[in-house]
Amino acid sequence: MPELPEVETIANGLRQGGSDGSPSLIHQAILSACVLWPRSIAEPAPSEFERRIAGQVITAIGRRAKYLVMQLSQDTLLIHLRMSGNLLVEPHNAEIPTHHRLLLFLQGGWRLAFNDTRKFGRAWLTNQPDQVLGRLGPEPLDPAFSAQEFYRRLQASRRQLKPLLLDQEFIAGLGNIYTDEALHLSKLHPLLTADQLDETQAAVLLDNIRRVLSSGIRHHGASIDWVYRNGDFQNYFLVYQRDGQPCRKCGATIQRLVVGQRGTHFCPVCQPTPEGGRPA
DNA sequence: CACGAGACCTGTTCGC
DNA sequence: TGCGAACAGGTCTCGT
């Protein structure tokens with residue numbers, strides 16, 4: 001489910017508290033933890049995770065790329081939601097749903113639950129978060145990340161734009177939805193290679209990456225199926241999962257192809273096939 | 001270096 | 001209705 005805007009929305013919700021009366025998690029103490037699916041804990045071992053997190057206080061909640069970052073009094077708790085993860089604040093004694101993988105029991109009768117149907121998500125409890133986050137590329141919404149720097153990085157690669165933008169070491173936080181949307185707004189075919197872009201196209205692409213991410217955040221993310229249903233950005237998709245439907249810009253039929261084993265959606269008229277490329 | 005396939009998982013949807 | 005295939009917001013590892 002979650003790309004950058006969805007994780008940002010979740011982090012904001014945990015920081016601010018919910019409309020259902022659930023509290024902000026800032027300054028809350030974690031009384032105890034219960035690991036329900038051991039492989040959801042990347043490090044340390046589940047038993048040590050439970051022992052070590054107990055008694056720590058949540059001091060800050062933020063996001064880096066698609067990672068939720070919870071600063072605790074001694075350690076940092078990192079959570080990556082991967083395909084189907086979600087975080088929920090619930091009454092501590094509520095019935096435990098099937099796909100809950102980790103529970104953190106808090107003061108005041110509440111618990112933080114990590115729910116993850118497909119079990120791809122992971123949590124790290126560490127005092128060296130950079131060992132997990134260190135390889136990530138630039139944060140796209142960071143104003144210090146310049147168009148010139150983005151162009152320089154594109155020039156250094158011969159990879160196709162779609163898989164390159166999904167590579168978290170190249171730029172951190174984009175996923176399948178926002179990549180397809182940003183390429184469409186930029187009128188760039190997903191199979192163009194990075195070094196084919198000129199400086200102007202690079203600047204336009206970065207601008208549109210920021211535009212779709214900001215719009216996604218403004219709409220509290222996208223809710224496509226049963227997983228995460230807080231946002232409505234899905235109502236504004238221009239290409240993602242719109243194959244067979246008319247392009248909202250030109251009326252041509254949106255196409256789908258598979259690139260790097262990911263469904264890829266684009267308008268064949270707005271985003272013409274690159275020179276020498278294979279037609280879609 | 002770049003790419004493709006397979007793993008990791010469960011659930012929903014689609015075609016016959 | 002049943003049943004298998006295809007597909008899903010992500011990332012890692014291995015082979016070519």
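Please read all numbers here as calculations on a predicted model, not as lab measurements.
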Can any side-chain N or O of A:T76 pair as donor or acceptor with the backbone N or O of A:Q71 at less than 3.5 Å?
-> no
What's the CG-P distance between A:L68 and C:dG10, to the nearest Å?
-> 16 Å
Against the side chain of A:R158, the closest entry in C:dT11, B:dA2, C:dG10 is B:dA2
Could you tell me whether the side-chain ring of A:F120 sits stacked on the base of B:dC8, using a centroid cut-off under 5.5 Å and a plane angle under 30°?
-> yes
Set of side-chain hydrogen bond (donor to acceptor under 3.5 Å, both in side chains) partners for A:T264, sequence neighbours left out | A:K162
For C:dG9 and B:dC3, measure between their C1' atoms and round to the nearest Å.
-> 23 Å
Could you measure between the two P atoms, the one in B:dT10 and the one in C:dT1, and give it in whole Å?
-> 27 Å
Separation of atom CE in A:M83 from atom C1' in C:dA6, rounded to whole Å | 13 Å
Contacts under 3.5 Å, N or O only, protein and nucleotides 11-16 of chain B:
| residue | atom | partner | partner atom | Å |
| --- | --- | --- | --- | --- |
| B:dG11 | OP1 | A:H99 | NE2 | 2.9 |

From NZ of A:K162 across to C1' of C:dG9 the rounded distance in Å is 11 Å
Euclidean distance, atom CZ of residue A:R122 to atom C1' of C:dT11 [Å, nearest integer] = 10 Å
Tell me the stems DNA chain C sits in, counting at least three consecutive Watson-Crick or G-U wobble pairs, each under 3.5 Å on both distances.
-> B:2-8 with C:10-16, B:10-16 with C:2-8
Starting from C1' on B:dT10, measure out to CG on A:L81 and report it in whole angstrom.
-> 16 Å
Give the rounded distance in Å between these two atoms: CG of A:D116 and P of C:dA8.
-> 18 Å
Under 4.0 angstrom between A:K66 side-chain N/O and C:dG10 OP1 or OP2 = yes
Starting at the 5' end of DNA chain C and moving along, which residue's nearest nucleotide shows up first, A:E169 or A:R256?
-> A:R256
DNA chain B: A:R159 or A:W37, which has the more 5' nearest nucleotide?
-> A:R159
What is the distance, rounded to the nearest whole Å, between atom CG of A:D167 and atom P of B:dG4?
-> 14 Å
Which whole number of Å gives the distance between the P atom of B:dC9 and that of C:dC3?
-> 26 Å
Please work out which of the three classes, parallel, tilted or perpendicular, describes the rings of A:F233 and A:H219, given edges at 30° and 60°.
-> tilted
Is a donor on one side and an acceptor on the other found under 3.5 Å between the side chain of A:Q16 and the backbone of A:S24?
-> no
Is the backbone of A:I61 close enough, under 3.5 Å, to the side chain of A:R15 for a donor and an acceptor to pair up by distance?
-> yes
State whether A:R262 places a side-chain N or O below 4.0 Å from either non-bridging phosphate oxygen (OP1 or OP2) of C:dG9.
-> yes
Any donor-acceptor pair under 3.5 Å linking the side chain of A:Q168 with the backbone of A:L136?
-> no
What orientation do A:W124 and A:Y67 show, parallel under 30°, tilted 30 to 60°, or perpendicular over 60°?
-> tilted
Please say which of A:L183, A:L174, A:L4 ends up in a side-chain contact (heavy atoms from CB on, under 4.5 Å) with A:I209.
-> A:L174
Would you mind telling me which of B:dA2, B:dT10, C:dT11 lies closest to the side-chain atoms of A:K119?
-> B:dT10
Look at A:Q168 and C:dT11 and indicate whether a side-chain polar atom (N or O) is within less than 4.0 Å of OP1 or OP2.
-> yes
Assess whether salt bridge (charged side-chain N to carboxylate O under 4.0 Å, His left out) is satisfied between A:R63 and A:E139, documenting all intermediate values.
-> CA-CA 10 Å; A:R63 176 193 61 74; A:E139 195 68 33; 2.5 Å; yes
A:Q271 and A:H184: CA distance, side-chain angles, deciding distance, side-chain contact (heavy atoms from CB on, under 4.5 Å) verdict | CA-CA 7 Å; A:Q271 299 161 266; A:H184 180 258; 3.0 Å; yes
How is A:Y67 classified with respect to the nucleic acid when contacts are heavy atoms under 4.0 Å: base, sugar-phosphate, or nothing?
-> nothing
Reckon A:Q261 touches a base, only the sugar-phosphate, or nothing at all at heavy-atom distances under 4.0 Å?
-> base
Using whole Å, report how far CG of A:L174 lies from C1' of C:dT11.
-> 15 Å
Donor-acceptor side-chain pairing of A:H265 and A:D180 below 3.5 angstrom | yes
